[in-house]
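Everything on this sheet refers to the single structure shown next.
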Amino acid sequence: MRTLILDTAERIFRDICDQTLVDKAEKGEWPAGLWQTLEESGLTQAAVPEEQGGAGGTIGDGLYFLKASGRYVAPLPLAETLIAGVLLAEAGAQVPAGPLTIAPVRPNEIIEFSDGKLSGTATRVPFAQGASAIVVATSAGLAIVDPASVTIERDKSMAGEPRDTVIFDGAPATIVGNASPDRIWQLGALARSVQMAGALEGILAMSVQYVQDRKQFGRALSKFQAVQQSLAAMAGQVAAASSAADVAIEATEAGDPGVSIAVAKARVGEAAGIAAELAHQAHGAIGFTHEYALHQFTRRLWAWRDEFGGEPYWQAEIGRLVAKSGADNLWKFASRT
Amino acid sequence: MTAALTYPPRTLGPEQEAMRAEVRAFLQKDYADGGFGRGQEAMARYDVEFSRRWGQAGFIGITWPKKYGGRGLTFLDRYVVTEEALAAGAPVGAHWVADRQSGPLLLKYGTEEQRQRFLPRIVAGEAFFCIGMSEPDSGSDLASVRMSATRTDGGWLLNGTKLWTSLAHICHYMIALVRTSPVNPENRHEGMSQMIVDLNAPGVEVRPVYNLAGEHHFNQEVFTDYFLPDENVVGEIGAGWEQVMSELAYERSGPERILSTFQTLVELVRQVGDNPSEVEARAIGRLTAHLMTLRGMSVSVAGMLADGKMPVTEAALVKDLGTNYCKDVPETARLICPPEDGAGGNSRYEKMLKTATLLAPSLTIQGGTREILRGMIARGLGLR
Ligand SMILES: Cc1cc2nc3c(=O)[nH]c(=O)nc-3n(C[C@H](O)[C@H](O)[C@H](O)COP(=O)(O)OP(=O)(O)OC[C@H]3O[C@@H](n4cnc5c(N)ncnc54)[C@H](O)[C@@H]3O)c2cc1C
């Protein structure tokens, strides 16, 4: 099933999700065709059981699909829809069709539930405008909220992706199950790690292609040893990021993520900064233009690495766990044995 | 569209965890009995007596067939055995090369007589091997080796010099890469052969070369009309290059490439204590995240080897990332937790920091330099 999902995803993204589509999406045009094709193929809810409105795959299927979307920087709330679907499915609720989002994405922003109504504000909510439902971890549990019943102030990340402020005051809601803001935070960190790993594979492929095509001093840039060395360094960062993301996916699928999500977000975030820098260097001035697609990837990497906790946050989290378990247990901690 | 090298996650099974328990139990008891001194950079540290106990406990050559004293286990089992030894800081240097590459080389290319002659003694921790590749004028450019072997009655006469040979002074044998016919400028990889040199036979002189820490780790060997009997030729005459290259995936991806300075990290965690500041927690968390990611990649490569693949580029990438990480550990440690007298005093933390700092330059040189490995990765990306 996983191969089928990934082959289908790869084909759809390759055919439809090009530079122009991403550009239009950043300017505010909803890529309806891409969404519809993905939804009809069952990919947007790959990880939800069929009887709850999904395609009946596992969370691993959903996350590997997300990684593929990262390779094309698909400008859709695929991560948010996946997380919302997983939370609703766990709660035993029916998952609505259409693009979904989640709130709050910062666990210190509390959305209060009382007497069937919500109060509170969530900031930086991805793609709130345009979502068919917002899945909210409230003080009393998980709720599905109609975007028409809240106030949305639009904003964007440096990648041009919607990051809206949602004022819930007075919105009616029904509690459908349990889920804490902390769980959104964890799943969000995992999803961004996976998307970044995909985008990193994307910029490596672009850079390799570019230095083979571009000629200076009478030969391809790829023939210069200095260029080879920096792309090899980039390949190291990309491989480490991809591996860390995959380990977190598999551990999550096995139901025991442990520290793997923290490790992934910390390691992939670090790789994102280094690899983006190297990719731009390899491209020269063309990579600094709006005309060339590299920035669609690198701006997302710079934005995503700080969302759901940047490297300092997750590193400190791991560091405190290591300190608590003690020097003599470091090996057991690191080898998870 | 991906150019990336992939490292599919590999989960170790219950057999490997059982093996881990066996190794841990041995190491704990041996250490408690005052058996070995803990330290880092295991490949450089040796204790002949420890190697013997290690061999007798059945931890050398565990992937080799039982008829040679091995245990017929998988490459993943071997991975667990070696990573536990390194993480515990055990002095595995004496048997290291024989276990990692000389034995496997003999299994792949050696004669039945050679296997019977050497493998059981390696397994028992009684025959130690070193690698005779580098020479004064041949480093990264290994195909330029000059040491010559010329035909004589019943064998070969060896003349020339090997250099940087780790632990040759405690080893019984060296597997030397030599020229058996002159360089063919059309194909520089032709005309090389591998031979088992008995370092106690006449005609070879082993001289110490002291490293920057003043320690005797590597050596120079001068060969003058050294007689090597035919039965000590490994594989085919002239096929030395191909044979040497096949050793590299085993040599480059192992846990030794990510754990060389692990004890510095352990002591840093101890030094910082259970209530770290934000800065300390971040630094330790970052180093741990790197370590765990590298281990995942290294286990993945071990899995590829267990599946019979030859992941040469994947292994080169792990060595490049891993050795750079090992150098990062002491540099990060000294910034967040400065040694008291600057130069590194005598607490356990300071000692580990000092040895790691002195060892660091070698990590990205031995076993293939950073630049050479990155050249291999670039080739893997299709750039060359
Ligand atoms: C601690 C230690 C233990 C060792 N143990 C052994 C051993 O047991 N047996 C053994 O045979 N050897 C051993 N070696 C030798 C080791 O394999 C060589 O040092 C290594 O292959 C590099 O060779 P070199 O030192 O001659 O450096 P050189 O090849 O002279 O390189 C010097 C510098 O130039 C760079 N360079 C060289 N060629 C290129 C190129 N084409 N492109 C870009 N940059 C290049 C290198 O990367 C390096 O930075 C050991 C070395 C050390 C440090």
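All of these numbers come straight from a predicted model, not from anything done at the bench. In what follows, chains are A, B, ... by sequence order, proteins preceding strands, each numbered from 1.
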Subject >> For chain A, the option from B:G273, B:A87, B:P8 that forms the most heavy-atom pairs under 4.5 Å >> reply: B:A87
Original post:
What option among B:E267, B:E280, B:R384, B:H290 has the most heavy-atom pairs under 4.5 Å with chain A?
Top reply: B:H290
Side chain, backbone, both or neither: which part of [X] has a non-hydrogen atom closer than 4.5 Å to chain B?
{"X": "A:V238", "answer": "side chain"}
{"X": "A:S260", "answer": "neither"}
{"X": "A:Q212", "answer": "side chain"}
{"X": "A:A266", "answer": "side chain"}
{"X": "A:E250", "answer": "side chain"}

Subject >> Worked verdict on A:F297 versus A:W302 for ring-ring contact (aromatic ring centres under 6.0 Å, His included) >> reply: CA-CA 9 Å; A:F297 289 74; A:W302 292 320; over 10 Å; no
Subject >> Contacting region of B:V266 [heavy-atom separation from chain A under 4.5 Å] >> reply: both
Original post:
Quick one: what part of B:L265 sits under 4.5 Å from any heavy atom of chain A, side chain, backbone, both or neither?
Top reply: both
Original post:
Checking side chain to side chain contact (heavy atoms under 4.5 Å, CB included) for the pair B:Y325/B:L287: CA distance, chi angles, key distance, verdict?
Top reply: CA-CA 8 Å; B:Y325 162 74; B:L287 292 174; 3.9 Å; yes
For a quick check under 3.5 Å, do [X] and [Y] share a side-chain donor-acceptor pair by atom type?
{"X": "B:Q40", "Y": "B:T355", "answer": "yes"}
{"X": "A:Q19", "Y": "A:Y292", "answer": "no"}
{"X": "A:Q237", "Y": "A:R267", "answer": "yes"}
{"X": "A:W331", "Y": "B:E83", "answer": "no"}
{"X": "B:D328", "Y": "B:T332", "answer": "yes"}
{"X": "B:E350", "Y": "B:S347", "answer": "yes"}
{"X": "B:D77", "Y": "B:T74", "answer": "yes"}

Which pairs would a plain distance check flag for residues 312-322 of chain B, meaning a side-chain donor or acceptor within less than 3.5 Å of a matching protein atom at least two apart in sequence or in another chain?
{"unit_1": "B:K319", "atom_1": "NZ", "unit_2": "B:L363", "atom_2": "O", "d": "3.4"}
{"unit_1": "B:K319", "atom_1": "NZ", "unit_2": "B:Q366", "atom_2": "O", "d": "2.8"}
{"unit_1": "B:K319", "atom_1": "NZ", "unit_2": "B:G368", "atom_2": "O", "d": "2.9"}
{"unit_1": "B:D320", "atom_1": "OD1", "unit_2": "B:N324", "atom_2": "ND2", "d": "3.0"}
{"unit_1": "B:D320", "atom_1": "OD1", "unit_2": "B:R374", "atom_2": "NE", "d": "3.4"}
{"unit_1": "B:D320", "atom_1": "OD2", "unit_2": "B:R374", "atom_2": "NE", "d": "2.8"}
{"unit_1": "B:D320", "atom_1": "OD2", "unit_2": "B:R374", "atom_2": "NH2", "d": "3.4"}

Chain B: which of [options] shares the most heavy-atom pairs with it under 4.5 Å?
{"options": "A:S242, A:A240, A:A262", "answer": "A:A240"}
{"options": "A:V259, A:N329, A:L321, A:T337", "answer": "A:T337"}
{"options": "A:A251, A:G326, A:A239", "answer": "A:A239"}
{"options": "A:R14, A:K332, A:Q209, A:Q225", "answer": "A:K332"}
{"options": "A:K324, A:E317, A:E270, A:M234", "answer": "A:E270"}

Subject >> Residue pair B:E84, B:F26: steps toward the side chain to side chain contact (heavy atoms under 4.5 Å, CB included) verdict >> reply: CA-CA 10 Å; B:E84 286 298 321; B:F26 172 89; over 6 Å; no
Subject >> Plane angle bin for A:Y210 and A:H283 - parallel if under 30°, tilted between 30 and 60°, otherwise perpendicular >> reply: parallel
Original post:
Is it the case that B:R38 places NZ or CZ above or below the six-membered ring of B:Y31, under 6.0 angstrom from the centre and within 45 degrees of the axis?
Top reply: yes
Subject >> Those residues of residues 16-25 of chain B, ordered by number, that approach chain A below 4.5 Å (heavy atom to heavy atom) >> reply: B:E17, B:R20, B:R24
